[in-house]
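Let me begin by presenting the structure, written as structure tokens, before commenting on it.
Reckoned from all heavy atoms, side chains included, excluding hydrogens, waters and symmetry mates.
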Amino acid sequence: MTVIDGKMLAAEIREELRVKAAAFRKERGTDIGLAVILVGEDPASQVYVRNKIKACEEVGIKSFSYHLPAETTQEQLESLIDELVADKNVHGILVQLPLPKHLDEKSALKRIPAKKDVDGFCAENVGNLAMNRETIVACTPFGVMKMLEKYNIDPSGKAAVVLGRSNIVGKPMAMLLLNANATVTVCHSKTKNLKEVCSSADILVVAIGRAKFVKADMVKEGAVVIDVGMDRDENGKLCGDVDYESVKEKASYITPVPGGVGPMTITMLLYNTILAATRG
């Protein structure tokens, strides 16, 4: 069993990104810029935004941070987005989700053009992914593909099961694996015979937000297990969607939580921002 070290891989990629950001600055005479919008006081979102700003500083991307009050109106939020779309110093725009409930998330995100959509969530980028065209891809599934590549795990011809169908992870993950010539099954809360389906997977990607949900009896001997979950167990300790201690005995490769997929997500956001800047 090999533990996939996301922290180490993220550090390697960030070093490459630092070089690219410096080259862009030298060639264009300006920094690459990422604007991050946070609305409200959600503690987890505040942590994520701080981490993103810190990561930008680490690789030489200029971050523009906007922390708006929880009572911000739809018009105020979308007006700020429009300003950032027009700003030539901003190459990527990220709206931290979730937004307060009175705000229309879909309407706000639609105002971000594909070329500045560094989250890879807009219809154009998702459509390009579905058609296997070069595009900006959602950060977490993109990070998973980089991990597989780094560890020489080729999805081609393999049975891949994605547990979870969110627009942020599950759906783009399935499309990426399909584009890499895997045979892909997507499971969700209405899937019948879930244990049997999961245990048929050569590559199992789990992203459902349920602590230690996947047990050893749901995993095929020698499977590659990618745990996208970030949960708390009964003792309040950080854990994933996979019962790591039991599953690691059967897996050929497995990602830990923390230190697996998590560090790759922000790293691929930086990657996407540099891609957006160089594509102009």
Side-chain angles (χ1 to χ4, degrees), residues 6 10 34-40 42 44-49 51-52 55 77 81 92-101 103-114 116-130 135-148 160-180 184-191 203-211 213-214 226-231 240-242 255 257-258 260-273 275-276:
L34 172 65
V36 181
I37 302 171
L38 172 64
V39 185
D42 181 75
S45 292
Q46 289 178 339
V47 171
Y48 291 145
V49 167
N51 289 342
K52 286 165 185 172
L77 173 59
I81 292 171
I93 301 169
L94 183 150
V95 177
Q96 182 65 43
L97 303 177
L99 291 171
K101 289 182 180 177
L103 294 174
D104 185 336
E105 181 182 298
K106 287 183 181 178
S107 175
L109 295 180
K110 274 178 75 173
R111 302 189 85 87
I112 303 173
K116 291 193 177 186
D117 168 38
V118 288
D119 262 332
F121 291 164
C122 80
E124 184 178 333
N125 284 330
V126 173
N128 283 334
L129 174 60
T135 194
I136 295 174
V137 179
C139 302
T140 299
F142 191 18
V144 170
M145 295 305 290
K146 286 289 184 185
M147 295 171 106
L148 296 178
V161 172
V162 179
L163 185 48
R165 57 176 169 177
S166 72
N167 293 329
I168 295 172
V169 180
K171 289 176 184 176
M173 187 76 253
M175 285 190 278
L176 282 167
L177 288 165
L178 190 61
N179 291 345
V184 182
T185 302
V186 179
C187 295
H188 46 79
S189 58
K190 299 293 189 288
T191 300
I203 300 172
L204 177 62
V205 183
V206 189
I208 55 171
R210 294 180 64 182
F213 179 82
V214 172
I226 307 292
D227 189 351
V228 183
M230 190 69 75
D231 313 297
D241 292 347
V242 174
T255 59
V257 178
V261 176
M264 291 298 294
T265 297
I266 292 180
T267 299
M268 301 325 293
L269 170 67
L270 305 176
Y271 184 105
N272 284 348
T273 302
L275 177 63

* Set of residues satisfying ring pair (Phe, Tyr, Trp, His ring centres under 6.0 Å) with respect to F213, sequence neighbours excluded -> none
* **M145 side chain reached by V137 side chain, heavy atoms, under 4.5 Å** => no
* How long is the span from the OG1 atom in T273 to the CG atom in L34, to the nearest 0.5 Å? -> 4.5 Å
* Taking C-beta and beyond as the side chain, do V257 and D231 meet within less than 4.5 Å on heavy atoms? -> no
* R165: what forms a salt bridge (charged side-chain N to carboxylate O under 4.0 Å, His left out) with it, not counting sequence neighbours? -> none
* **Set of residues satisfying side chain to side chain donor-acceptor pair (under 3.5 Å) with respect to K171, sequence neighbours excluded** => N167
* Side-chain touch V162/L204, heavy atoms, less than 4.5 angstrom -> no
* Given C187 and V161, is the side-chain contact (heavy atoms from CB on, under 4.5 Å) satisfied, shown in steps? -> CA-CA 7 Å; C187 295; V161 172; 3.8 Å; yes
* To do: Please step through side-chain contact (heavy atoms from CB on, under 4.5 Å) for the pair L38 and V36, ending with a clear verdict.
  => CA-CA 7 Å; L38 172 64; V36 181; 5.6 Å; no
* Using side chain to side chain donor-acceptor pair (under 3.5 Å) as the criterion, list what pairs up with S45, not counting sequence neighbours. => D42
* Structure fact -> Rounded to the nearest 0.5 angstrom, the CG-CZ distance for L163 and R210 is 9.0 Å
* **side chain to side chain donor-acceptor pair (under 3.5 Å) partners of N272, counting only residues at least two apart** => none
* Asked: Would M268 and T140 count as a side-chain contact (heavy atoms from CB on, under 4.5 Å) if you check the C-alpha gap in whole Å, the side-chain angles of each, and the deciding distance to 0.1 Å?
  -> CA-CA 7 Å; M268 301 325 293; T140 299; over 6 Å; no
* **Smallest separation among heavy atoms of P263 and G260, with atom names** => CD-O, 3.2 Å
* Any donor-acceptor pair under 3.5 Å from D241 side chain to I208 backbone -> yes
* Heavy-atom check, side chain of F121 versus side chain of L97, under 4.5 Å -> yes
* Structure fact -> Rounded to the nearest 0.5 Å, the CG atom of L94 sits from the CG atom of L269 at a distance of 5.5 Å
* Return yes if some donor-acceptor pair links the side-chain N/O of D119 with the main-chain N/O of C139 below 3.5 Å, else return no. => no
* Decide side-chain contact (heavy atoms from CB on, under 4.5 Å) for V118 and I112; before the verdict, give the C-alpha distance in whole Å, the side-chain angles of both, and the deciding distance to 0.1 Å. => CA-CA 9 Å; V118 288; I112 303 173; over 6 Å; no
* To do: Would you indicate whether the side-chain heavy atoms of L77 and L99 approach each other to under 4.5 Å?
  => yes
* **Rounded distance [0.5 Å steps], OG1 in T265 versus NZ in K52** => 9.0 Å
* Any side-chain heavy atom of L129 sitting closer than 4.5 Å to one from P172? -> yes
* Heavy-atom closest pair, residues G164 and V186 -> O-CG1, 3.8 Å
* Roughly how far, to the nearest 0.5 Å, is CD1 of I136 from CZ of F142? -> 10.0 Å
* To do: Kindly say whether T135 contributes a backbone atom to a donor-acceptor pair with the side chain of N125 at under 3.5 angstrom?
  => no
* Between CE of M264 and CD1 of I226, what distance do you get to the nearest 0.5 Å? -> 10.5 Å
* **T191 (side chain) donor-acceptor with H188 (main chain) under 3.5 angstrom** => yes
* Asked: Does a donor on one side chain and an acceptor on the other come within less than 3.5 Å for D227 and T255?
  -> no
* side chain to side chain donor-acceptor pair (under 3.5 Å) against E105, all qualifying residues, sequence neighbours excluded -> none
